[in-house]
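All figures in this text were calculated on a predicted structure; none of them were measured in a lab.
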Number of protein chains: 2
Amino acid sequence: MADWLAEAQKRLEQYLTQQGLRRTQERRHILEAIYQELAHFDAETLYRHLQEKGYKISRATVYNSLELFVACGLVKRYSFAGGRMLYERSLGRRQHDHLICEECGEIQEFCDPSLGAVTEAVGRLFSMEPVRHELVIYARCARPDCPNKNKLLPLP
Amino acid sequence: MADWLAEAQKRLEQYLTQQGLRRTQERRHILEAIYQELAHFDAETLYRHLQEKGYKISRATVYNSLELFVACGLVKRYSFAGGRMLYERSLGRRQHDHLICEECGEIQEFCDPSLGAVTEAVGRLFSMEPVRHELVIYARCARPDCPNKNKLLPLP
DNA sequence: CTAAATGCAAATGTTTTGCACCTGG
DNA sequence: CCAGGTGCAAAACATTTGCATTTAG
C-alpha cells in the first residue's frame, strides 16, 4: 500500500456515497493537495496552495472539506500552535505525537508506544473511553541558531 | 503553605520589583481573582468575572496581565479546546494533564509520573531540552447523559 | 516628573455563517 | 429538477495593537 492518495480518494468516494453526500471536484482537489504535498498545514496555507495550483476554491469550501475529512478519518486536526488549527493527513501514518521548538516553531514528530497504556489507564480511572490524544512537547534547541537539522523520525 | 494567593502575591511583587515593572492594583486584583475563584478559565471569563466583582479592568489589561503571569510562572496557559487559550493558576498544583469529555467539554485532571520519562527520552532523541508538555486525552463517557460525577482527582 | 500601564476602540487573523447561485445524482 | 455544495462577503470570535490618558515610583 504505497499510494495513499489513491486509497484516500477511494475511501472518500465510499464515505460520500454511503452518507448520500456529493462527490465534488473541489473535495477531490483538496484531498489530492493534502495527500500529495502538505505535511502539517493550516487552512490558510492549504487555501493558498490550491490557488497556486490554479484551483478556484473558496476558503469556505476549504474549511468545509477539512471538517468533512476529519469526520471521515482522512485528516487529523490539532489545536496547538498559537490558536490556529493544524491539520495533517492520517492515512499511511502511524500514531505519533509532536515536539515543537519554542524558538523557531518547527514541528518534529515522534512515536511513543507507552502512551497508549497511559491513555488506557486514565480512561479507566474516569470510567471514560479515550477517543484520541494529543501530546505536545515544547522544547528548546541547545544550539544558538536552532537549525533543527535532525529532521523527522522515519515514519511511514 | 496553604495560602497560595498570598504566596502568589508575594512572588508577583518580587518579580515586578526585580524587573523594574509597576505593582498596579489591576495586576493584584486579577491575580487575586485567579487564585481565589477560578480553576480553568479563558481570558473572557476572567474579564467578566472581574467586572462582576466590580473592578473596572479592561480586556487589554487582562490579556496583558495573563501574559505577565505566565512569564513569571504564576499561571499556566494551554491551547486546547477549540482555538481559545485556557489558563489555570500554577502555584500549589502539582504537574498534571487533562482529559476532556468530547460530549460535554468538561475538563478532568490527572497525574501521570511516567510522562516525565517520555519527554526526557524524546528530548534526548532530538538533542533538545524539553521545557514543558501538554497532554490532552479526549474521551467519551459511557453513560448516556455524561454526568461527569467523578470529579477532579484530589490534587493539592 | 516620566516611563510604564491602562482603557478604549480599531485592527488583525482565523473560522463561521447567510444567502444567491451552481451542480451532481 | 432540487437538495446539497460552493463562492462571496459579512459576521463572529479571540487576541493584539495604537494612542491618548493615567499613575506608580
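Taking CG from L74(B) and CG from L68(B), the interatomic distance works out to 8.0 Å, rounded to the nearest 0.5 Å. Rounding to the nearest 0.5 angstrom, the gap separating the CG atom in L12(A) from the CG atom in L91(A) is 11.0 Å.
No side-chain donor from either of Y55(B) and E26(B) sits under 3.5 Å from a side-chain acceptor of the other. Side-chain contact annotation: D112(B) with H96(B), donor-acceptor N/O pair under 3.5 Å absent. For the residue pair Y35(B) and Q9(B), no side-chain donor N or O sits within less than 3.5 Å of a side-chain acceptor on the partner. Judged by distance alone, the side chains of D42(B) and T45(B) do bring a donor and an acceptor atom under 3.5 Å apart.
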* Structure fact -> Expected string for nucleotides 9-17 of chain C under the B/S/- scheme (protein heavy atoms, under 4.0 Å, primed atoms plus P, OP1, OP2 as sugar-phosphate) is -----SBBB

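When all heavy atoms are compared, the tightest approach of F69(B) to R27(B) is CZ-O, 3.5 Å.
Each of Y47(B) and L16(B) was assigned the nucleotide of DNA chain C with the nearest heavy atom; the assignment lying further toward the 5' end belongs to L16(B).
Cation-pi check for R77(A) over Y87(A) is not met; the charged atom does not lie both under 6.0 angstrom from the ring centroid and within 45 degrees of its normal.
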At a cut-off of 3.5 Å, list every protein nitrogen or oxygen paired with a nitrogen or oxygen from nucleotides 22-25 of chain C, distance to 0.1 Å.
from, atom 1, to, atom 2, distance (Å)
dT23(C), O2, R22(A), NH1, 2.8
dG24(C), N2, R22(A), NH2, 3.0
dG25(C), OP1, R23(A), N, 3.4
dG25(C), OP1, R23(A), NE, 3.2

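Partners of R23(A) by side-chain contact (heavy atoms from CB on, under 4.5 Å), not counting sequence neighbours, listed by chain and number: E13(A), L16(A), T17(A), R28(A). Checked against side-chain hydrogen bond (donor to acceptor under 3.5 Å, both in side chains), R11(B) has the following partners two or more places apart in sequence or in another chain: E7(B).
Salt bridge absent: E109(A) and R94(A) never bring a charged side-chain N and a carboxylate O closer than 4.0 Å.
Using bins of under 30°, 30° to 60° and over 60° for the plane-to-plane angle, the ring pair H40(B)/H98(B) lands in the perpendicular bin.
A rotation axis mapping the C1' atoms of four pairs onto the next four is fitted at both ends of the helix from dC1(C)-dG25(D) to dG25(C)-dC1(D) over five pairs, and the angle between these axes is 30° to 10 degrees.
The nucleotide range of DNA chain D contacted by chain A, defined by atoms under 4.0 angstrom from heavy atoms of the protein and reported 5' to 3', is dA3(D) to dC8(D).
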